[in-house]
Amino acid sequence: YNQQKSLFKFLGSVAGLYAIWFLVYECWVGPNDYVDTWLSEQVAYAGAWTLSLIGYSAKVREILILVDDKPTVFIGNPCNSLALMATFTGLIGAFPGDFRKKLFFIPIGIVAIYMINVLRVAALSLNHIYSHGTVDFNHKYTFSFVVYAFILGMWVIWVKKYSSLKVESQETSSDAA
């Protein structure tokens, strides 16, 4: 019964935090467009910088990455990782655990999500150059899977290392012998 109660409390907290995020985004962040535009620009510049580190001539025009003066990737608001950062924050925020540990883990997770998104954007730029026909598939599926798996992995780390959840181990008959 306690596990079911904890599950419903977690799901209720996630739903509540999602509702708050939705209202804040729809009423202020989205219509204002400042945060989304700023983050999209930062991702574009970091993606171009990453490409430059590995020897490509990359630059940014607004939120478009150019390699050798040819457009490769446009970072739209849905691809700037803001929603992923909010989702991660909500998952960690809703899960049982010490508030101080959450204040430590959430910013690390946000930075990690930003970094993996920058790598995703740089990789999509290279994908555009070397295999243009696969960009749409990789954007929609491959990189989405990688990013969501990464976020799930960070959440699992939180649950196992930092949360206050105590998982009871059950002994099987072979263990008892």
Exercise for the section: For side-chain contact (heavy atoms from CB on, under 4.5 Å), just list the numbers for Leu84 and Ile151, CA-CA rounded to whole Å, side-chain angles, deciding distance to a tenth of an Å, and then say yes or no. Expected result: CA-CA 8 Å; Leu84 296 173; Ile151 292 170; 3.8 Å; yes
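- In this structure, CZ on Phe137 lies 11.0 Å from CG on Asn127, to the nearest 0.5 angstrom.
- The hydrophobic clustering, which links ILVMFWY residues whose side-chain heavy atoms are closer than 4.5 Å, places Tyr34 and Leu39 together.
- Interatomic distance, CZ of Arg120 versus CG of Leu124, reported as 5.5 Å (0.5 Å rounding).
- Interatomic distance, OG1 of Thr142 versus CG of Asp136, reported as 10.5 Å (0.5 Å rounding).
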Cut-off 3.5 Å, no hydrogens considered: what does the side-chain donor-acceptor table look like for residues 45-60, sequence neighbours left out?
| from | atom 1 | to | atom 2 | distance (Å) |
| --- | --- | --- | --- | --- |
| Thr50 | OG1 | Ala46 | O | 2.8 |
| Ser52 | OG | Ala48 | O | 3.0 |
| Tyr56 | OH | Tyr130 | OH | 2.9 |
| Lys59 | NZ | Asp69 | OD1 | 2.6 |

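- Residues Gly109 and Met154 come closest through the heavy atom pair O-CE, 3.8 Å.
- Taking Ile, Leu, Val, Met, Phe, Trp and Tyr as hydrophobic and joining them when side-chain heavy atoms fall under 4.5 Å apart, one finds Leu103 in a cluster with Phe99.
- When the side chains of ILVMFWY residues are joined at heavy-atom separations under 4.5 Å, either directly or via intervening members, Phe88 and Leu119 end up in two distinct hydrophobic clusters.
- By the rule that hydrophobic residues join a cluster once side-chain heavy atoms approach within less than 4.5 Å of another member, Phe143 and Val43 end up as members of one cluster.
- Tyr162 and Met85 fall within the same hydrophobic cluster, defined by Ile, Leu, Val, Met, Phe, Trp and Tyr side-chain heavy atoms under 4.5 Å apart, directly or through other members.
- By the 4.5 Å heavy-atom criterion applied to side chains, Tyr114 and Gln42 are counted as neighbours.
- In the hydrophobic clustering of this structure, Leu152 groups with Val159; members are Ile, Leu, Val, Met, Phe, Trp, Tyr whose side-chain heavy atoms approach within less than 4.5 Å, directly or through other members.
- For Tyr148, the ring-ring contact (aromatic ring centres under 6.0 Å, His included) test picks out no residue, with sequence neighbours left out.
- Using cut-offs of 30° and 60° for the angle between ring planes, the His132 and His128 rings count as perpendicular.
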Atom pairs and distances, donor-acceptor, side-chain atoms in residues 71-80, under 3.5 Å, two or more places apart:
| from | atom 1 | to | atom 2 | distance (Å) |
| --- | --- | --- | --- | --- |
| Thr72 | OG1 | Ile65 | O | 2.9 |
| Thr72 | OG1 | Ser125 | OG | 3.1 |
| Asn77 | OD1 | Ser40 | OG | 3.3 |
| Asn77 | ND2 | Asp33 | OD1 | 3.0 |
| Asn80 | OD1 | Leu82 | N | 2.9 |
| Asn80 | ND2 | Asp36 | O | 3.2 |
| Asn80 | ND2 | Asp36 | OD1 | 3.0 |
| Asn80 | ND2 | Ser40 | OG | 3.3 |
| Asn80 | ND2 | Asn77 | O | 3.3 |

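- Distance check: Phe105 CZ to Ile92 CD1 gives 5.0 Å after rounding to the nearest 0.5 Å.
- Taking the six-membered ring for Trp and thresholds of 30 and 60 degrees, Phe95 and Trp155 have ring planes more than 60 degrees apart, a perpendicular arrangement.
- Every residue two or more places apart in sequence or in another chain was checked for a salt bridge (Lys or Arg N to Asp or Glu O under 4.0 Å) with Lys160, and none qualifies.
- Closest approach of Glu62 to Glu41, counting heavy atoms only: O-CG, 4.1 Å.
- Within the structure, every pair that satisfies the salt bridge (Lys or Arg N to Asp or Glu O under 4.0 Å) test and touches residues 91-111, not counting sequence neighbours, is listed here: Asp98-Arg100.
- Taking CG from Asn138 and OG from Ser144, the interatomic distance works out to 10.0 Å, rounded to the nearest 0.5 Å.
- Going from atom CG of Leu91 over to atom CH2 of Trp158 covers 12.0 Å, rounded to the nearest 0.5 Å.
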